[in-house]
Amino acid sequence: MDAIEGAAKRFAEHAIRSEVHVLNPLEFRPEGRGLGTPLKITTNDLSKKLYDQRMAKLGSPGRGIYDLIKLAPKNGLCPLCGVRKVGTLDHYLPRASYSALSVTPLNLIPACSECNRFKHDKHPTKEEEQTFNPYVDDVTESRWLIALTEEGAPATVQFSVGSPTGWSNALIARARYHFDVYKLGELYSHHATSEISGIRRLLRQIYSLQGNAGVRTYLKDCEGSAREHDMNSWKAAMFAALADNEWYCGGGFDVVAF
């Protein structure tokens, strides 16, 4: 127990400083005195028997903690993508390599099954490869998700990571790595395409009465509401991009392929 708690403490100290990438996997396994003392347990005992059988399994002693962690995110949404429902727990540092952290709460991220699958057993080897850990990385106050309207039949929106004021190059690189690992661009563009189609009729009505200024005002209002809920939601970025596009507000919203 002391060895496991010691490993958890080291992880927490490095996570707070965004230095998880310097942790050596060999020092988080029981084999070869990796945890600082000879132990009669194996990586399999920690990553499989302890986590699978005594925490994740229904009716197991630690299942209550497992469920509490799953229920932690606001509205039950995956904090890694912000879109899909939480369905599992993802090990920030994979248990196959860092078995001593198999049941460390700070290492257990509520996630949807897709984000869990995309990340798989990846672990950071350099600073910019640290995806965001929602427990310690508070990036909710900075506007880092941006979007651009692509004119076409119909209009589409492409998403990317911007360069927020006050962010270091390393933090921007981490945001882009997180964006790429979890395939957020593809996910958000898919949802945006559906949303754009769904508001076409309403925009047509607004345009007929108030012109492009009315359309822009409506889109900016939608952006404001979305940002109040989540500064970096895909909806907020999408509405901002659409409102800033003269072609779209001037009737481009109604252009569709035949």
Side-chain angles (χ1 to χ4, degrees), residues 15 20 51-52 55-58 63-96 102-124 129-148 150 154 156-162 174-199 222-223 225-242:
V20 172
Y51 178 76
D52 286 340
M55 187 173 192
K57 185 179 180 181
L58 286 173
R63 180 65 193 207
I65 298 173
Y66 180 97
D67 289 336
L68 283 175
I69 296 174
K70 274 185 64 178
L71 293 172
K74 184 178 180 180
N75 299 321
L77 295 179
C78 171
L80 304 177
C81 67
V83 173
R84 295 177 289 244
K85 290 288 186 181
V86 169
T88 187
L89 297 184
D90 175 67
H91 287 80
Y92 185 85
L93 291 181
R95 53 183 167 140
S102 293
V103 296
T104 299
L106 190 66
N107 194 46
L108 298 175
I109 312 298
C112 63
S113 57
E114 286 85 351
C115 283
N116 180 252
R117 177 169 55 86
F118 290 149
K119 181 165 172 286
H120 192 49
D121 284 338
K122 293 183 179 68
H123 63 92
E129 290 181 354
Q130 296 174 100
T131 56
F132 290 145
N133 183 326
Y135 296 126
V136 297
D137 295 313
D138 185 5
V139 294
T140 59
E141 298 301 319
S142 299
R143 182 175 168 180
W144 58 269
L145 181 66
I146 59 177
L148 181 67
E150 293 196 351
T156 57
V157 173
Q158 300 301 317
F159 295 82
S160 62
V161 174
R174 287 184 62 195
R176 290 174 179 163
Y177 185 74
H178 184 101
F179 184 86
D180 291 340
V181 165
Y182 295 112
K183 305 183 187 300
L184 300 186
E186 179 182 343
L187 173 65
Y188 296 163
S189 290
H190 173 75
H191 281 276
T193 297
S194 177
E195 185 74 14
I196 288 172
S197 177
I199 63 174
C222 289
E223 178 198 353
S225 294
R227 291 207 187 281
E228 187 173 300
H229 172 69
D230 180 355
M231 175 67 74
N232 291 289
S233 72
W234 66 267
K235 281 191 175 183
M238 178 199 72
F239 283 124
L242 296 177

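In this chain, residues are counted from 1 in sequence order. Only a predicted model underlies this, so the values are computations on that prediction, with no experimental measurement involved.
The main-chain N or O of Ala111 is never found under 3.5 Å from a side-chain atom of Thr88 such that the two would form a donor-acceptor pair. Although no hydrogens or angles enter the test, the distance criterion places no donor-acceptor pair under 3.5 Å between the side chain of Tyr92 and the main chain of Phe132. Judged by distance alone, with hydrogens and angles left aside, the side-chain atoms of Glu223 form no donor-acceptor pair with the main-chain N or O of Ala237 at under 3.5 Å. Judged by distance alone, with hydrogens and angles left aside, the side-chain atoms of Lys70 form no donor-acceptor pair with the main-chain N or O of Ile109 at under 3.5 Å. Between the side chain of Asp121 and the main chain of Pro94, no donor-acceptor pair closer than 3.5 Å is present. For Asp230 (side chain) and Asn232 (main-chain N/O), a donor-acceptor pair under 3.5 Å exists by modelled atom type. Side-chain N or O atoms of His123 include none that pairs as donor or acceptor with a backbone N or O of Leu93 at under 3.5 Å. Formation of a donor-acceptor pair under 3.5 Å by the Arg63 side chain with backbone atoms of Ala56 is found in this model. Side chain of Thr104 to backbone of Asn107: no donor-acceptor contact under 3.5 angstrom is found.
Looking only at side-chain heavy atoms (C-beta outward), Trp144 and Val139 come within less than 4.5 Å of each other. Within the 4.5 Å cutoff, the side chain of Lys122 has heavy atoms near those of the Tyr177 side chain. Between Thr140 and Met231 there is no side-chain heavy-atom pair separated by less than 4.5 Å. With contacts defined as side-chain heavy-atom distances shorter than 4.5 Å, the pair Phe179/Leu145 qualifies. Inter-residue side-chain proximity for Leu242 and Val157 is flagged as met; some heavy-atom pair is nearer than 4.5 Å. Residues Asp90 and Phe118 form no side-chain contact, since every pair of their non-hydrogen atoms from C-beta on lies 4.5 Å or further apart.
Nearest heavy atom pair, residue Lys85 against residue Asn75, reads NZ-O, 3.1 Å. The shortest heavy-atom contact between Gln130 and Val20 is OE1-N, 2.9 Å. Nearest heavy atom pair, residue Cys78 against residue Cys115, reads SG-SG, 3.9 Å.
Once rounded to the nearest 0.5 Å, the distance linking CG of Asp180 with OG1 of Thr131 reads 12.0 Å. In this structure, Met238 CE and Leu148 CG are separated by 14.0 Å, a value rounded to the nearest 0.5 Å. How far CD of Glu150 is from OG of Ser189: 8.0 Å, rounded to the nearest 0.5 Å. We find the CZ-NE2 distance between Phe159 and His190 to be 12.0 Å, quoted to the nearest 0.5 Å.
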Decide yes or no on side-chain contact (heavy atoms from CB on, under 4.5 Å) for Leu106 and Val136, but give the supporting numbers first. CA-CA 9 Å; Leu106 190 66; Val136 297; 4.0 Å; yes

Applying side-chain contact (heavy atoms from CB on, under 4.5 Å), run through Val86 and Leu77 and close with a yes or a no. CA-CA 6 Å; Val86 169; Leu77 295 179; 6.0 Å; no

side-chain contact (heavy atoms from CB on, under 4.5 Å) between Lys235 and His229: does it pass, once the steps are laid out? CA-CA 10 Å; Lys235 281 191 175 183; His229 172 69; over 6 Å; no

Using the rule given for side-chain contact (heavy atoms from CB on, under 4.5 Å), can you reason through Ile65 versus Leu108, listing the C-alpha separation, both sets of side-chain angles and the distance that settles it, and then say yes or no? CA-CA 11 Å; Ile65 298 173; Leu108 298 175; over 6 Å; no

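Applying the salt bridge (charged side-chain N to carboxylate O under 4.0 Å, His left out) rule to pairs touching residues 131-141 yields Asp137-Arg174, sequence neighbours excluded.
Listed by chain and residue number, His91 satisfy the ring-ring contact (aromatic ring centres under 6.0 Å, His included) test with Tyr51 (two or more places apart in sequence, or in another chain). Remark: Asp52 pairs with Arg95 by the salt bridge (charged side-chain N to carboxylate O under 4.0 Å, His left out) rule, at least two apart or across chains. Scanning for salt bridge (charged side-chain N to carboxylate O under 4.0 Å, His left out) contacts around Arg176 gives an empty result, with sequence neighbours left out. With sequence neighbours excluded, the residues forming a salt bridge (charged side-chain N to carboxylate O under 4.0 Å, His left out) with Arg84 are Glu114, listed by chain and number.
The environment of NZ in Lys57 is sparse: at most 12 heavy-atom neighbours from other residues, nucleotides or ligands sit within 6.0 Å. Taking a 6.0 Å sphere around NZ of Lys119, one finds it holds more than 12 heavy atoms contributed by other residues, nucleotides or ligands.
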Quick one: side chains of residues 181-188, donor-acceptor pairs under 3.5 Å with protein atoms, not counting sequence neighbours, listed by atom name and distance.
residue : atom : partner : partner atom : Å
Tyr188  : OH   : Cys81   : O            : 2.7

